[in-house]
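Notes follow the structure.
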Amino acid sequence: MIALNDVHVIFAKGTPDENHALRGVNLQLDKGDFVTVIGSNGAGKSTLFNAIAGTYPVDSGTITLTGADGHVLDITRESEFKRARRIGRIFQNPLIGTAGNMALEDNLVICEKKGFRGLTYTLNHKKRAEYREKIKRLGLGIEGRLRDNVGLFSGGQRQALTLLMTVMSRPEILLLDEHTAALDPVNAELVMNLTREFAREQNLTVLMITHNMKHALETGNRLLMMDGGEIILDIAGGEKQNLTLADIQERFRAAKHRELENDEMLLS
Ligand SMILES: Nc1ncnc2c1ncn2[C@@H]1O[C@H](COP(=O)(O)OP(=O)(O)O)[C@@H](O)[C@H]1O
Ligand SMILES: [Mg+2]
């Protein structure tokens with residue numbers, strides 16, 4: 001589905017500040033994989049997402065996407081803008097995934113059309129009813145407010161809308177970078193539950209960075225741990241289903257020959 005082959009990212013190369021942020025990352029995801037990603041601050045998690053999304057070019061290695069028809073597309077040098085049609089991404093800040101100064105229904109139109117290109121539309125009764133149903137399903141009670149500007153909604157509501165809109169744009173892969181970390185506990189659970197439901201129903205392929213160990217352990221079919229720009233643990237299948245925090249500590253010790261400090265991962 002997506003494959004990273006020996007990907008390196010080096011910041012400030014050749015200067016005293018040189019920082020080898022990704023050190024030969026190899027990763028293959030299958031369609032429908034839901035992978036949680038943990039690791040201390042600075043481990044390279046967001047850099048991994050930036051590499052996949054094309055935020056800046058990688059220094060070496062390749063990134064390929066395989067379509068449903070088996071066609072392999074090398075996206076290593078493709079622009080972030082172009083990749084965004086295939087790769088959905090949600091960040092921590094709940095205010096940036098939606099356009100606050102536009103009506104809720106117009107936000108939905110744009111995400112369905114995957115951008116502003118040729119944006120002429122009329123929303124008929126049928127389309128509005130369809131949008132109301134989609135929003136109702138979020139359980140926020142805002143389905144009657146299609147014409148309200150999104151800026152009027154709370155952070156939790158906006159992150160749930162961002163999730164809905166990102167899923168509506170039908171990404172081949174969904175990147176979640178601590179997308180519940182800035183929400184209060186109730187909204188964080190709400191958005192996490194919606195994330196699991198959408199992923200299951202639509203067989204989404206998801207990478208989810210989280211500092212919430214409970215979410216990392218309870219969610220998905222595979223868990224990665226990053227450290228120092230490398231994937232040091234990759235746990236899937238039955239082992240992932242039964243995984244405990246103690247197992248992770250044990251596996252970390254075996255891989256790194258030192259203890260995992262609590263503040264290296266248990267930040268929330
Ligand atoms: N745009 C950038 N320019 C220079 N250094 C960066 C940049 N982005 C990240 N880094 C550095 O790369 C390393 C990995 O960062 P990051 O991927 O953001 O870590 P994480 O998301 O796991 O906390 C850190 O040392 C960070 O300071
Ligand atoms: Mg990060």
Side-chain angles (χ1 to χ4, degrees), residues 2 4-27 29 34-61 63 75-81 83-84 87-97 155 159 162-163 166 173-183 188 191-192 195 206-217 219-220 222-235 245 248-249 251-252 255-256 258 260-268:
I2 187 165
L4 283 79
N5 181 28
D6 199 22
V7 168
H8 287 261
V9 170
I10 306 169
F11 293 112
K13 199 172 181 175
T15 76
D17 293 330
E18 181 166 305
N19 185 347
H20 204 148
L22 288 186
R23 296 171 178 263
V25 168
N26 292 295
L27 179 64
L29 303 188
F34 192 135
V35 183
T36 57
V37 183
I38 61 172
S40 59
N41 278 323
K45 305 181 298 298
S46 295
T47 302
L48 173 68
F49 279 18
N50 287 333
I52 293 171
T55 310
Y56 29 68
V58 300
D59 288 85
S60 62
I63 304 171
I75 60 166
T76 314
R77 302 288 153 208
E78 199 172 73
S79 71
E80 179 171 38
F81 172 75
R83 284 188 223 187
I87 299 171
R89 191 170 185 187
I90 303 181
F91 297 90
Q92 193 168 335
N93 182 344
L95 306 186
I96 61 177
Q159 199 69 323
T162 299
L163 178 67
T166 308
I173 175 163
L174 179 58
L175 305 176
L176 306 173
D177 194 340
E178 301 190 50
H179 72 311
T180 65
L183 307 179
V191 171
M192 245 343 285
T195 303
V206 186
L207 277 167
M208 181 179 84
I209 298 171
T210 181
H211 279 297
N212 183 318
M213 280 308 297
K214 190 166 168 289
H215 292 165
L217 291 170
T219 312
R222 186 170 167 191
L223 176 143
L224 303 179
M225 182 171 197
M226 293 194 68
D227 188 67
E230 294 176 318
I231 295 172
I232 61 159
L233 300 181
D234 184 349
I235 302 168
L245 185 53
I248 291 178
Q249 287 167 321
R251 296 277 305 254
F252 181 89
K256 301 293 289 188
R258 67 176 177 87
L260 177 62
E261 303 294 336
N262 268 354
D263 60 358
E264 286 188 270
M265 50 194 264
L266 306 173
L267 297 177
S268 68

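Indexing begins at 1, ligand by ligand and atom by atom, following the structure's order.
Sorted by chain and number, the protein atoms of type N, O or S within less than 2.8 Å of the Mg ion (ligand 2) are Ser46 OG.
When Leu48, Ile63, Ile52, Asn26 are each tested for a side chain to side chain contact (heavy atoms under 4.5 Å, CB included) with Val7, only one passes: Ile63. Between Leu224 and the choices Ile209, Leu27, Ile38, Leu233, the side chain to side chain contact (heavy atoms under 4.5 Å, CB included) rule is met once, by Leu27.
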Discussion item. Does Phe11 form a ring pair (Phe, Tyr, Trp, His ring centres under 6.0 Å) with Tyr56? I'd like the steps, not just the answer.
Written reply: CA-CA 10 Å; Phe11 293 112; Tyr56 29 68; 5.4 Å; yes
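To the nearest 0.5 Å, atoms OG (Ser46) and CE (Met226) are separated by 9.5 Å. The structure places NZ of Lys256 at 4.0 Å from CG of Asp227, a figure rounded to the nearest 0.5 Å.
Contact detail for Gly229 and Val25: the closest heavy-atom pair is O-CG2, 3.7 Å.
Protein residues lining ligand 1, listed by chain and number: Phe11, Asn19, Ala21, Ser40, Asn41, Gly42, Ala43, Gly44, Lys45, Ser46, Thr47, Tyr56 [non-hydrogen atoms, distance under 4.0 Å].
With no hydrogens or angles considered, a side-chain donor-acceptor pair links Thr55 and Arg89 at under 3.5 Å. If you check the side chains of Thr195 and His179, you find a donor sitting under 3.5 Å from an acceptor.
Remark: the backbone N or O of Asp234 is not paired with any side-chain donor or acceptor of Arg222 at under 3.5 angstrom.
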